[in-house]
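Taking it in order: structure first as structure tokens, then the write-up.
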Amino acid sequence: MIEKMKVVSVVAQSSQKAALLDGLRKLGLLHIREKQAADPACLQRIADLSSTELALHEYAPETPATELLSDRDFEDLYTKVRAVLDGRQALTTQRAALASQAENLRKWGDFDPADFDWLRQHGLDLHIYRLDKKSLAALSADGSTPFIRLTPVEKMETVALWGPLPEGISADAFTVPDKGLAQVEQEIAALDQQMADGEALLRKAAAYLPSFQAQILKAQNAAAYSAVQNTAASEGALVWLTGYVPADNVDAFKAAATANRWAWAMDDPADDDELVPTKVRYNKVTRLMVPIFDILGVVPGYREYDISFWFLAFFALFFAMILGDAGYGVLLLIGAAALTLKTRKLSDATLLLWVLSIATILWGALTGTWFGLESAMEVPILRAVTVPILANYPQYFGVEATAQQNAIMKFCFILGTVQLSLACVMSIKRKLTERNLSWIADLGWLVAICAIYFLALYLVIGENIPLAPVGACVGVGFVLVVLFGGMAPGKSFSQGLKAGLADAFTVFLNTISAFGNVMSYIRLFAVGMASLAIAQSFNNMAAGFEGPLVIIAALIMIVGHALNLVMGFLSVVVHGVRLNLLEFSGQLGMEWAGIAYEPFKKQDKIKK
């Protein structure tokens, strides 16, 4: 359920601002309203620590140090690590440039550039050129300029002259570098050593990854404190903060306020307050949906519904129908058991995996699907637990394929109608307690959705359905929605009637959309059939290999079914989640635009 909130303003003397912040953080109940940004230095500290910690994961040992470094020792190590990481790219660039320079010098051999300077100082201007054979012949024929032939460089003739070349002879002059090959190689070796020392430091620092994570957490807490500090308003000798406290924790807040001598004011949130945070109280069953909600990043609005139980129930069924294979369910069950044994505890995510795997096994067993193998129906126990009308191999039960497919599609439409009707009933129940006359509009939607179910059977499956009563029910539902959809507490009947009539065209479009919503549940049938077809295709491919090639067949089966399983997970995200977040939630009027309840307190886990 979504817990009720109270708006609270806490006031203290300006001189007691730090004590106020410390007390509120220790209390850990107040969700700050419209919190300001933290100081840039705090945010930069988090970014730097996080990037450093991420870089060190590459060097992480199997058994990191359990003892945390002191702040002083950590800062000393952190400074050195940042210097290595910041300078690593520059060292790499510098070494690449030196390596390129050494490669060019290696063609000329090892020499000392200072020798060229010594010769110039003694009046000998030595020049080295590369030239082709034609130019060498011209130089030889000239006779006025003596030269010495050197070892060819890159298949070109090389000569040394005591002066420039005669005019008319083209050649490439060798520019004497500042450093010789030996010096460049020494610098490369020095850089290699420096980089090796840096890598050694990073490996050493990686052993203290828990210390880096502890410092990240400390920095995040400092940033949160900074943000609240910047949010606190002040005037004259007073400072105050406004936020929200769960109604169940009001007594704890009052006790803390009395102990700390805070002045405070408390009230219910205004009807138009869109900043009220959402705190969902989960039970042992609904907690299983927390990992999914965290992955999706969705939070119901404060005035919306907690649908976690229904989300879990329908999601498990959708998951099972989309994967559709009991063999895949067994693999997931083995994975859940392995995780449980490894961690020696049942986390919410692991327990959810248990539920989903069991649901998949049950649905796959009912449809007679075990890794897409038709031969599974020759096993008596597997055949005995299969429901003939749902069986994916209906020929073993004397059922026509068309009848089996129609039964699955009908089941999908029933699921859609039940889930959307449930949304209508939930909305009616809430509005009755609020004395909101628009519950009659939800009753109209309920009538229309039930009628649309029969229309879907007529259009898709071809069942003989009397269309006149169906059309009449849709019409009655439409009229009820138009007449009562604009009703709301605080409005007169005539005002609500005018608002509803003004939205008549929108209601008409929404009625068409409701038909599409019921029809969209057929995706469960389509995706499940596609998964089965893919499994059968890989099975048929593998069946073509016999004898020594059975290894290839095994590889095809393993890779094929693994790929199909991954595609099934993606389909669950695309289709299974969509039916809950769009069709079901849309019928409830949920936008999932809530603000998660995050009280001001010291966190004990890094916030991602």
Side-chain angles (χ1 to χ4, degrees), residues 1-43 46 217-283 290 299-306 430 433-434 489-490 593-607:
M1 60 174 288
I2 296 177
E3 295 192 25
K4 297 296 183 182
M5 289 285 169
K6 294 287 187 179
V7 182
V8 179
S9 293
V10 191
V11 185
Q13 294 181 349
S14 296
S15 60
Q16 297 297 313
K17 180 177 181 180
L20 173 64
L21 297 180
D22 293 340
L24 288 174
R25 183 164 71 166
K26 183 178 179 180
L27 178 62
L29 291 177
L30 186 66
H31 175 102
I32 306 299
R33 183 179 187 179
E34 296 185 288
K35 190 162 56 178
Q36 301 297 314
D39 290 339
C42 294
L43 299 177
I46 295 172
L217 178 60
K218 186 179 293 186
Q220 289 183 343
N221 281 322
Y225 187 93
S226 170
V228 176
Q229 190 175 41
N230 295 337
T231 304
S234 61
E235 184 174 345
L238 298 179
V239 61
W240 66 89
L241 280 164
T242 300
Y244 303 89
V245 172
D248 291 345
N249 300 119
V250 165
D251 291 340
F253 171 81
K254 290 180 178 179
T258 301
N260 290 277
R261 297 182 179 180
W262 301 330
W264 53 271
M266 184 179 297
D267 199 356
D268 292 324
D271 292 338
D272 59 349
D273 188 349
E274 298 180 355
L275 299 177
V276 187
T278 302
K279 182 183 180 184
V280 183
R281 183 187 301 168
Y282 297 102
N283 57 37
V290 172
V299 178
Y302 174 69
R303 297 176 181 84
E304 294 181 343
Y305 299 83
D306 172 22
R430 169 176 283 191
T433 60
E434 297 173 350
I595 302 170
Y597 171 67
E598 294 181 350
F600 176 44
K601 65 179 181 178
K602 263 192 176 181
Q603 301 295 330
D604 55 3
K605 291 183 180 180
I606 294 175
K607 187 176 181 181

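Positions are given from 1, in the same order as the sequence printed here. These figures come from a predicted structure and were not determined experimentally.
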Give a yes or no on this: more than 12 heavy atoms of other residues, nucleotides or ligands lie within 6.0 Å of atom [atom1] of [X].
| X | atom1 | result |
| --- | --- | --- |
| Gln229 | CD | yes |
| Lys17 | NZ | yes |
| Glu274 | CD | no |

NZ/NE/NH1/NH2 to OD/OE distance under 4.0 Å, Lys6 and Asp268: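 Counted as a salt bridge, because a side-chain N and a carboxylate O are separated by less than 4.0 Å.
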
Residues Lys35, Glu598: salt bridge by 4.0 Å N-O rule: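 No.
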
Taking the side chain as C-beta and beyond, is there a heavy-atom pair between [X] and [Y] under 4.5 Å?
| X | Y | value |
| --- | --- | --- |
| Val8 | Thr242 | no |
| Met5 | Val245 | no |
| Leu43 | Pro40 | no |
| Asp39 | Asn230 | yes |
| Trp240 | Val10 | no |
| Trp262 | Leu24 | yes |
| Val276 | Ile595 | no |
| Pro599 | Leu29 | no |

Heavy-atom closest pair, residues [X] and [Y]:
| X | Y | answer |
| --- | --- | --- |
| Pro269 | Val7 | CA-CG2, 3.6 Å |
| Leu241 | Thr231 | CD2-C, 4.1 Å |
| Ala12 | Leu20 | CB-CD2, 4.1 Å |
| Ala227 | Gln36 | CB-O, 3.2 Å |
| Cys42 | Ala222 | SG-O, 4.2 Å |
| Pro246 | Tyr597 | CD-OH, 3.3 Å |

Measure the spacing between [atom1] of [X] and [atom2] of [Y] and express it to the nearest 0.5 Å.
| X | Y | atom1 | atom2 | result |
| --- | --- | --- | --- | --- |
| Ile32 | Leu275 | CD1 | CG | 13.0 Å |
| Ile2 | Glu304 | CD1 | CD | 7.0 Å |
| Met266 | Lys254 | CE | NZ | 5.5 Å |
| Lys26 | Asn260 | NZ | CG | 8.0 Å |
| Asn283 | Met1 | CG | CE | 11.5 Å |
| Leu217 | Ile46 | CG | CD1 | 10.0 Å |

Cation-aromatic face contact Arg33/Tyr244, 6.0 Å, 45 degrees: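 Arg33 over Tyr244 ring: no.
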
side-chain contact (heavy atoms from CB on, under 4.5 Å) assessment of Gln13 paired with Val239: CA-CA 6 Å; Gln13 294 181 349; Val239 61; over 6 Å; no

Aromatic plane relationship, Trp264 with Phe253 - under 30° parallel, 30 to 60° tilted, over 60° perpendicular: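 Because their plane-to-plane angle is over 60°, the rings of Phe253 and Trp264 count as perpendicular.
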
Distance-only side-chain donor-acceptor flag, Ser234 / Ser14, under 3.5 Å: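 Side-chain D/A pair, Ser234 to Ser14: absent.
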
Pair Asp306, Tyr282: side-chain N/O donor-acceptor within cut-off below 3.5 Å: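 Absent: no donor and acceptor within the cut-off.
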
Main-chain N/O of Pro300 paired to Thr278 side chain as donor or acceptor, under 3.5 Å: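 Checking the backbone N and O of Pro300 against the side chain of Thr278, a donor-acceptor pair under 3.5 Å is found.
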
Worked verdict on Leu21 versus Val228 for side-chain contact (heavy atoms from CB on, under 4.5 Å): CA-CA 8 Å; Leu21 297 180; Val228 176; 3.7 Å; yes

